[in-house]
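Atom set for the values below is all heavy atoms of this structure, side chains included, hydrogens, waters and symmetry mates excluded. All chains are named by letter (A, B, ...) in the order of the sequence lines, taking the proteins before the strands, and each is independently numbered beginning at 1.
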Amino acid sequence: MQKLYLLLTALLTLLMTVCAYAEENRILCASTTSAQNSGLFDYLLPEFEKDSGIKVDVVAVGTGAAIEIGKRGDADLILVHAKELELKAVEEGYFVDRRDVMYNDFVIIGEPNDPAEIKEAKTATEAFAKIAKKQTPFISRGDKSGAHTKELFIWKEAGITPAGNNWYMEAGQGMAKTQRIANEKQAYTLTDRGTWLAVKDNLNMSILFEGDPILFNQYGIMAVNPKKHKNAKYDKALVFINWIISEKGQKTIASFKDKNGNLLFTPNSK
Amino acid sequence: MSNPFLKAVELIFSFDKQLFDIIFLSVKVSGFALIIASVFGIPIAVFTAFKKFPLKSLFINIMNTFMGAPPVAVGLIFYLLLSRSGMLGFLGILYTPYAMILAQTFLAFPIIASLCHSAIVGVDPLLKQASITLGASPFTTAATIINEARYGIMSALIAASGRLFAEVGAILIVGGNIAGLTRVMTTAIALETDKGDFELAVALGIILILISFTINFSLNIIQKKGKKELI
């Protein structure tokens, strides 16, 4: 029994050393599944680490959840895409130093034979209205993410309340998984172009509507307000923000291509 | 589409660094959770088996109930506790392996405490009497009984480790599935499946199934061995 305890104590000591978590030069960024699933962070962050020596850890959730994580002080900065929600959170004093970083756009994808004929629609709201009229299945993110916020905005513009209809399903999942569900259910969904391009090879779907200005998708970055959460590593977060909006950071974003060679994001910090 | 199984096997045998980092982290997190839960769980099991104290049966009932606690709910509780805005926020360990170890310890503890307690209680009471009659000290008596219950205790540890390795709900919430820091086998499988990159997911799935098979296989052997020795 004593031997056993000796062993356990030894192992516990080992735990303290093995798991020694390098506190000093890391910051935590809460961001969105769309930015992570596209592979942008894997490309961007090593470059930043090379320049600054700071390691950025990314927790990828929906935009709504990322803002919430930042508000609670569990991250040092956030990179999300729902400008109105971001500005509101800044106004409430939770975040500081918000900057535009880059953009891409949303597209409506679905089964290639396009049962609701949204290819002929002139605007995104018209496309949504056609889907609702034909009652073809539509998968919503349903998770307060940036894409979900945009989708709800379009429904509102179209004057339609989709919730409660049996053709309208809320997945409550990330962007890639929502596309996968739409693929399985032969449904339409609204997705950011980045995630679409990153995972489309595994799906039997195509872009059926794109190009309406309403589908513009702005990404912004902001630091957790150190006055609200004194543990937030504001100085290092600011180093990252300044880097990502710098010429070097913006060029890196502009040169990011997915595995098929598509450019996914357009930098626009200026 | 290429066969993800072939690619997965290739990944395993080429000792892909990303793959083995993830496996190593899983082993580390669940392993340490198991150790810490045992350090507290086994003595408590011994204590509850040998001593009478107020509300003892209530305590045992609670332990039994928590054996099946849903990991997602446990994860949520620890998330709220460990969050900067939570009671234990000053620790600053949310989204680190420490938080994952803590949550998993909480999942393993009731299993170890409860199953070890049953194992110790299940030892033939004659042994205790004989030990005392032969003049053994209380400590030696306890040691003898624990030794007799060793197969039951080992089974408890194995059952707990099976739960920890397969668990995804709690570690996803408190760990955040951060690449290279808190991404373990189960959370990596969930993410790679989302992305439609099945190679890594399948490779991890194969390893995970092998681990769980090994765990259950050794559980069987130990239980059989235990039965034989008792006869």
Side-chain angles (χ1 to χ4, degrees), chain A residues 1-2 4-5 7-12 14-16 18-23 26 28-30 33 36-39 41-42 45 55-61 68-75 173-181 183 195 198-203 224 228-232 259, chain B residues 1 4 18 24-25 27-29 31-36 38-40 42-43 46 79-80 82-86 89-101 139-140 142-144 146-147 150 153 172-183 190-198:
Chain A
M1 205 62 197
Q2 268 162 332
L4 184 70
Y5 266 93
L7 183 74
L8 289 174
T9 326
L11 283 167
L12 212 62
L14 194 70
L15 162 76
M16 299 309 170
V18 175
C19 265
Y21 157 67
E23 170 78 18
R26 322 180 82 112
L28 190 80
C29 175
T33 51
Q36 182 175 62
N37 291 350
S38 67
F41 285 126
D42 299 334
L45 297 181
K55 181 150 177 25
V56 184
D57 295 318
V58 178
V59 176
V61 287
E68 207 51 45
I69 286 173
K71 278 187 181 176
R72 296 181 66 92
D74 292 327
Q173 309 276 352
M175 195 68 257
K177 190 166 241 172
T178 303
Q179 288 179 22
R180 190 154 290 285
I181 295 169
N183 186 54
T195 312
V199 301
K200 68 172 184 164
D201 290 350
N202 303 312
L203 303 170
V224 169
K228 282 254 181 194
H229 295 284
K230 58 180 191 303
N231 291 307
K259 55 194 172 198
Chain B
M1 240 197 294
Q18 193 196 4
F24 185 57
L25 184 66
V27 172
K28 220 159 69 177
V29 166
F32 282 122
L34 195 67
I35 291 165
I36 300 169
S38 310
V39 170
F40 292 102
I42 297 175
V46 174
Y79 175 84
L80 293 174
L82 294 174
S83 164
R84 290 273 186 208
S85 312
F90 63 91
L91 294 173
I93 60 167
L94 189 68
Y95 301 134
T96 70
Y98 290 126
M100 300 158 81
I101 293 173
F139 185 79
T140 320
T144 314
I146 290 162
N147 186 44
R150 64 187 181 280
I153 292 173
L172 181 62
I173 296 179
V174 299
N177 196 21
I178 298 170
L181 180 65
T182 58
R183 187 165 298 164
L191 176 69
E192 297 303 321
T193 310
D194 272 11
K195 293 202 295 196
D197 289 340
F198 292 110

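Residue B:Leu172: no heavy atom, backbone or side chain, is found under 4.5 Å from chain A. Residue contact with chain A, scored on non-hydrogen atoms closer than 4.5 Å, is absent for B:Thr182. At a 4.5 Å heavy-atom cutoff, the contact between B:Arg183 and chain A is made by side-chain atoms alone. There is no contact between B:Ile93 and chain A, counting heavy-atom distances below 4.5 Å.
Taking CG of A:Asn202 as the start and CZ of B:Phe198 as the end, the distance is 6.0 Å to the nearest 0.5 Å. The CD atom of A:Gln36 sits 7.0 Å away from the CG atom of B:Asn177 when rounded to the nearest 0.5 Å.
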Tell me, with the steps shown, if B:Leu94 and A:Leu28 meet side-chain contact (heavy atoms from CB on, under 4.5 Å). CA-CA 10 Å; B:Leu94 189 68; A:Leu28 190 80; over 6 Å; no
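Within the 4.5 Å cutoff, the side chain of B:Leu181 has no heavy atoms near those of the A:Lys55 side chain.
In terms of heavy-atom proximity, A:Arg72 sits nearest to B:Arg84 at O-CB, 3.4 Å.
Annotation: side chain to side chain donor-acceptor pair (under 3.5 Å) contacts of A:Asp74 (sequence neighbours excluded): B:Ser83.
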